[in-house]
Amino acid sequence: MIPLADRLDFTNEQKWQARWEAAHAHDFDEADTAKPVYSIDTPPPFTSGDLHMGHVLSYSYFDFVARYKRMRGFNVYYPQGWDCQGFPTETKVEAKYGRKPPEEFRKLCIEWTHACIGRMRAQMNSLGFSPDWRYEYRTMDPSYHKLVQKSILQMYESRQIYRGEHPVFWCPSCQSALAKTDTEDVERQTQLHDIKFQLELDDGKEGGNGKGNEGGAEGGKPRLLDIAIATTRPELMHACVAVLFHPEDARYKDLKVKSAISALGAKVPFKPDADVDPLFGSGAVMVCTFGDKQDVVWMYRHKLPIIRALDERGKIINAPAKESEASPSASSWPPGLLLNGLSIFDARSKLLERFKSEGKLLSSKPLTQVVKVHDRCKKPIELSLSWQWFAKITENREKIVAAARQMRWAPEFAISYLEDWANFVEWDWVISRQRIFGTPLPFWYCVKCDQTVPAQESELPVNPPALEKKCPACQSSLVPESSTCDCWVDSSITPLAISKWGEDSKFFKRTYPASLRPQGVEIVRTWAFYTIYRCLELTGKPPFGELLLNGNVLAPDGKKMSKSLGNIIAPDKLLADYGADCIRIWAALSGAMARDRPFSYQDVQYAKSFLNKLLNAGKLVGKSIEGYKPDDADEKHLRPIDKYFLHRLNEVVHECAVAWGDFEFHRITKAVQEFFWHEFCDYYLEYVKYRIYAEGTDKETQQSKRAAQYTLHAVYKTTLLLLAPIAPHSSEELWQMFSAGESDFISKHAYPTPDQKFAHEKSVPAGQLLAQVISAIRQEKASRKLSLNSPIAKLELVLPEEQAAHLKSIEDEIKAAGRVEKIEVKEGEELKVVFA
RNA sequence: GGACCCGUGGUGGAAUGGUUAACACGUCUGCCUUACACGCAGAAGACUGAGCGUUCGAUUCGCUCCGGGUCCACCA
């Protein structure tokens with residue numbers, strides 16, 4: 001018997017982590033082709049340098065699963081990667097080193113990221129996570145770039161990826177494209193102007209003077225109807241490409257309109273659209289390219305033409321420079337109105353003045369609106385057209401949803417996030433970013449031939465700006481693509497990366513699709529959606545069997561953890577205060593899936609108490625079974641109460657088996673804890689002490705002792721096995737009591753499964769009666785303020801006849817655990833104890 | 001504004017179409033009983049967010065409302 005520590009000592013955890021690593025206890029066994037493979041497509045965390053509690057929660061989840069599956073005989077493939085590239089790193093590196101040329105900057109980003117990974121990997125190890133680090137990957141590695149580029153080329157080949165013009169956020173002041181994260185919302189005061197447009201009606205009637213008065217009948221002109229259009233951006237008027245109204249708007253829905261005529265005389269379509277707010281202004285809205293994001297939505301939806309209204313400096317362009325150049329659709333551009341080259345502000349006042357003089361400015365009133373500004377320069381941003389790369393998600397939405405439905409989602413409702421997104425998505429996925437620290441897009445362009453030249457597969461990984469190329473057709477120099485991939489392009493092929501897609505077909509066949517994809521519920525629309533799409537396109541097969549979704553960890557106050565609120569819980573601090581197993585038990589107890597839960601110190605504290613209990617009970621059990629070798633022959637001498645506890649143990653084993661199937665970690669933990677602590681420790685250990693401590697050498701005493709040892713051994717050992725995936729360090733430490741040596745890890749043993757031989761249904765009434773009697777005695781002692789070990793000379797036990805039948809089999813336990821010398825039974829309605 | 005999730009003793013959270021609704025923390029009262037005071041025993045504390053409906057019966061099913069959260073969109 002290896003001596004156990006007096007107190008819970010979680011510094012032992014590092015010892016076990018080192019031993020597991022040295023013994024390769026969690027390695028995927030590539031050579032073993034007999035065992036079924038269970039592969040986990042773990043989320044590569046963004047390499048910020050620190051794990052947060054959300055990571056701790058979700059990574060604990062699938063570490064439980066990995067450890068459990070290993071114990072169930074699976075060959076578990078559990079790699080861990082890192083999502084390295086992206087804007088936050090660029091920001092931090094720039095803040096530290098300032099702006100640098102791209103190559104140098106990228107090197108600094110890589111260096112920075114390696115340092116971050118080092119810290120995060122150490123944190124993962126101290127939490128006892130058990131990935132197979134031999135398969136570690138980083139999205140910034142050349143080998144990963146190669147894979148991403150290969151996937152891009154294949155999707156380009158199959159026409160899933162194309163280049164097109166697309167509006168992006170643009171800062172006219174800094175002259176740079178921005179990601180959404182570069183923007184912030186600012187509330188400001190502006191003017192809302194009602195401007196007169198006209199509708200050209202096509203209802204057989206004829207209009208008169210074009211002023212909208214009905215019923216006139218002069219000449220063959222179409223009838224015109226005046227309407228008001230509300231806008232805060234009159235300077236974009238020349239880019240007006242449509243006027244929309246709500247389909248149920250009674251003012252417009254029954255009109256037969258040929259076209260709308262803008263205040264600048266352009267004829268544009270007049271169409272219904274459900275996104276128009278009929279209560280705003282006149283209920284008619286002009287669509288310009290691009291006043292705001294809604295305009296972009298409408299532009300795609302109604303296939304409207306694009307007129308660039310502003311250049312990269314935010315100056316007006318594409319308005320007629322001379323009167324003779326009035327746009328073709330404008331039947332009557334106002335004479336002398338020259339806007340090109342003016343700033344937004346100047347153009348606006350010039351136009352408003354003009355409209356006012358023409359009577360087209362119907363009203364102006366103040367409006368509070370929220371505008372997007374560049375977070376650095378605080379200047380309002382514009383949407384600007386630029387060449388970008390796209391992936392065709394809109395035409396594949398049904399396919400993606402169908403594939404998602406083939407997978408099992410835990411919990412089920414989480415699939416609705418994906419379905420909603422698929423139904424809602426308005427335009428294709430923009431996969432290019434004008435950033436430096438990202439996977440380069442492997443393309444060149446020939447300006448002369450107007451053609452796109454993809455990289456050769458043999459050239460991968462490739463950074464186009466670093467490789468000069470000639471056009472295969474005309475031999476002129478190609479222009480390299482300098483954009484990089486959106487980070488989701490990298491992470492949406494993790495199931496392919498880990499399964500060595502395109503490199504090792506045998507390995508791929510064994511590990512793809514991944515058995516499990518664990519992830520946060522908030523990235524179903526991105527990570528899950530894009531992964532399903534891309535992997536489906538690239539392999540023809542859905543990427544995973546089931547998905548396990550986790551929610552977010554909130555601060556103890558129920559709010560989102562944030563630096564500004566100062567309510568962040570740091571994993572390192574918790575680790576120092578409680579150790580990994582307590583944190584893991586906390587995670588298991590937070591197991592309400594895909595739901596947010598506040599962090600709870602109570603849970604960690606409770607976990608600590610429980611592990612302490614487990615240790616102390618282990619000391620008693622260890623002492624009690626010292627020198628005992630389990631022997632099935634002892635089963636013959638089991639007392640009814642032994643059978644009852646083996647029966648209960650078996651029920652708990654069964655409950656755990658069911659709960660594992662549903663990833664209900666809290667049920668597993670709760671079931672084991674309650675049984676072990678409040679049944680086994682609080683009752684059984686007290687029942688058997690008299691047998692364990694018995695000195696008698698007679699056969700009967702020895703048999704009874706051995707039967708108790710048999711039961712203690714079975715319950716304690718099984719409990720450790722049940723907990724091993726959740727609290728691996730503590731169970732490993734305590735397992736030494738049963739183990740053959742240091743390399744006999746608990747994780748190498750089979751997870752308990754229900755065993756019919758322990759199903760002692762008949763022992764249940766006696767077991768329950770004993771608990772009731774002991775509880776009644778304790779209650780009586782408490783009410784008399786007696787200590788629990790105070791002896792009772794004579795106990796009067798009142799109980800109904802049907803219960804009395806079971807009394808005989810538990811009399812010894814009542815006497816021993818209750819310190820009762822003599823029992824006198826009386827018949828009565830309900831159970832009662834009297835101290836005589 | 002849209003979709004989804006949640007609303008149970010002071011706190012965190014289980015469970016079930018049917019007698020007194022787990023468990024933990026906290027509180028109160030005893031007890032240092034030879035594994036454990038990070039413990040043991042006992043006690044108090046909940047009309048299960050509000051209102052309808054289905055049902056013999058609902059906390060559990062349906063609807064409405066109120067409150068909280070997450071993701072998305074955000075306004076001419």
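So that the names make sense, note that chain A is the first sequence line, chain B the second, and so on, each numbered from 1. Everything quoted here is computed from the prediction, not taken from an experiment.
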Given [options], the nucleotide with the shortest approach to the side chain of [X]:
{"X": "K619(A)", "options": "rA35(B), rA22(B), rU33(B)", "answer": "rA35(B)"}
{"X": "S600(A)", "options": "rU33(B), rG12(B), rC75(B)", "answer": "rG12(B)"}
{"X": "R525(A)", "options": "rC72(B), rA35(B), rU33(B)", "answer": "rC72(B)"}

query = Is a donor-acceptor pair below 3.5 Å formed from side chain K608(A) to base rC38(B), judging by atom type as modelled?
reply =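 Side chain to base: no pair below 3.5 Å.
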
For atom [atom1] of [X] and atom [atom2] of [N], their distance in whole Å:
{"X": "L589(A)", "N": "rC23(B)", "atom1": "CG", "atom2": "P", "result": "15 Å"}
{"X": "K781(A)", "N": "rU33(B)", "atom1": "NZ", "atom2": "P", "result": "13 Å"}
{"X": "F680(A)", "N": "rC36(B)", "atom1": "CZ", "atom2": "P", "result": "16 Å"}
{"X": "W586(A)", "N": "rA24(B)", "atom1": "CH2", "atom2": "P", "result": "21 Å"}
{"X": "D277(A)", "N": "rG1(B)", "atom1": "CG", "atom2": "C1'", "result": "10 Å"}
{"X": "F413(A)", "N": "rC5(B)", "atom1": "CZ", "atom2": "P", "result": "6 Å"}
{"X": "N616(A)", "N": "rA35(B)", "atom1": "CG", "atom2": "P", "result": "10 Å"}
{"X": "W677(A)", "N": "rC36(B)", "atom1": "CH2", "atom2": "P", "result": "15 Å"}

Please list, for nucleotides 41-45 of chain B, all pairs of protein and nucleotide N/O atoms separated by less than 3.5 Å.
residue: rA41(B); atom: OP1; partner: D682(A); partner atom: OD2; Å: 3.4
residue: rG42(B); atom: OP1; partner: S775(A); partner atom: OG; Å: 3.3

All N/O pairs under 3.5 Å across the protein-nucleotides 67-70 of chain B interface:
residue: rG69(B); atom: O2'; partner: D596(A); partner atom: OD2; Å: 3.3

Across the strands shown, which category fits [X] at heavy-atom distances under 4.0 angstrom: base, sugar-phosphate, nothing?
{"X": "F424(A)", "result": "sugar-phosphate"}
{"X": "L367(A)", "result": "sugar-phosphate"}
{"X": "C681(A)", "result": "base"}
{"X": "V621(A)", "result": "nothing"}
{"X": "E686(A)", "result": "base"}

ask   = When you look at CD of Q189(A), are more than 12 heavy atoms from neighbouring residues, nucleotides or ligands closer to it than 6.0 Å?
value =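 Atom CD in Q189(A) is packed in, count exceeds 12.
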
key: D662(A) and R408(A): CA distance, side-chain angles, deciding distance, salt bridge (Lys or Arg N to Asp or Glu O under 4.0 Å) verdict   = CA-CA 11 Å; D662(A) 296 329; R408(A) 178 184 169 228; 3.5 Å; yes

Separation of the [atom1] atoms in [N] and [M], to the nearest angstrom:
{"N": "rU29(B)", "M": "rA44(B)", "atom1": "C1'", "value": "10 Å"}
{"N": "rA21(B)", "M": "rU48(B)", "atom1": "C1'", "value": "8 Å"}
{"N": "rC25(B)", "M": "rA35(B)", "atom1": "P", "value": "22 Å"}
{"N": "rG45(B)", "M": "rU11(B)", "atom1": "C1'", "value": "13 Å"}
{"N": "rC23(B)", "M": "rA14(B)", "atom1": "P", "value": "15 Å"}
{"N": "rG51(B)", "M": "rG13(B)", "atom1": "P", "value": "24 Å"}
{"N": "rC66(B)", "M": "rC75(B)", "atom1": "P", "value": "25 Å"}
{"N": "rG1(B)", "M": "rC65(B)", "atom1": "P", "value": "12 Å"}

Range-with-range stems for RNA chain B, at least three Watson-Crick or G-U pairs under 3.5 Å =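 In RNA chain B, stems of three or more pairs: B:1-7 with B:66-72, B:10-12 with B:23-25, B:27-31 with B:39-43, B:49-53 with B:61-65.
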
Answer whether the closest heavy-atom distance between the side chains of [X] and [Y] falls below 4.5 Å.
{"X": "M53(A)", "Y": "L574(A)", "result": "yes"}
{"X": "P411(A)", "Y": "L549(A)", "result": "yes"}
{"X": "V604(A)", "Y": "F599(A)", "result": "yes"}
{"X": "Y578(A)", "Y": "W586(A)", "result": "no"}

key: First of Y693(A) and E674(A) reached from the 5' end of RNA chain B, by closest nucleotide   =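 Final value for this comparison: E674(A).
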
ask   = Which sits closer to the 5' end of RNA chain B, L685(A) or V297(A), going by the nucleotide each is nearest to?
value =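 The answer here is L685(A).
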
For the residue pair [X] and [Y], is the inter-centroid distance of their aromatic rings smaller than 6.0 Å?
{"X": "Y61(A)", "Y": "F663(A)", "value": "no"}
{"X": "H713(A)", "Y": "F738(A)", "value": "yes"}
{"X": "W409(A)", "Y": "Y417(A)", "value": "no"}

ask   = Does a nitrogen or oxygen in the side chain of K293(A) sit under 4.0 Å from OP1 or OP2 of rA73(B)?
value =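 Looking at the OP1 and OP2 atoms of rA73(B), one of them is under 4.0 Å from a side-chain N or O of K293(A).
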
message = Counting only side-chain nitrogens and oxygens, does K613(A) get under 4.0 Å of the OP1 or OP2 atom of rC40(B)?
response =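 For rC40(B), OP1/OP2 do have a side-chain N/O of K613(A) under 4.0 Å.
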
message = Here's one to test your reading of the geometry: is the NZ or CZ of R778(A) within 45 degrees of the ring axis of Y683(A) and under 6.0 Å from its centre?
response =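 Judged by the rule (NZ or CZ under 6.0 Å from the ring centre, within 45° of its axis), R778(A) counts as positioned above Y683(A).
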
ask   = Which atoms form the tightest heavy-atom contact between A617(A) and L685(A), and what is the distance?
value =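 Looking at all heavy atoms of both residues, the closest pair is CB-CD1, 4.3 Å.
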
request  = Taking all non-hydrogen atoms of both residues into account, name the closest pair between C681(A) and K613(A) and its distance.
outcome  =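 The pair with the smallest heavy-atom distance is CB-CE, 3.8 Å.
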
query = Is it true that a side-chain atom of W735(A) and a backbone atom of L720(A) form a donor plus acceptor pair closer than 3.5 Å?
reply =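 A pair under 3.5 Å: no.
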
inquiry  = Determine whether a donor-acceptor pair (N or O, by modelled atom type, separation under 3.5 Å) exists between the side chain of N612(A) and the backbone of K608(A).
reply    =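 A pair under 3.5 Å: no.
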
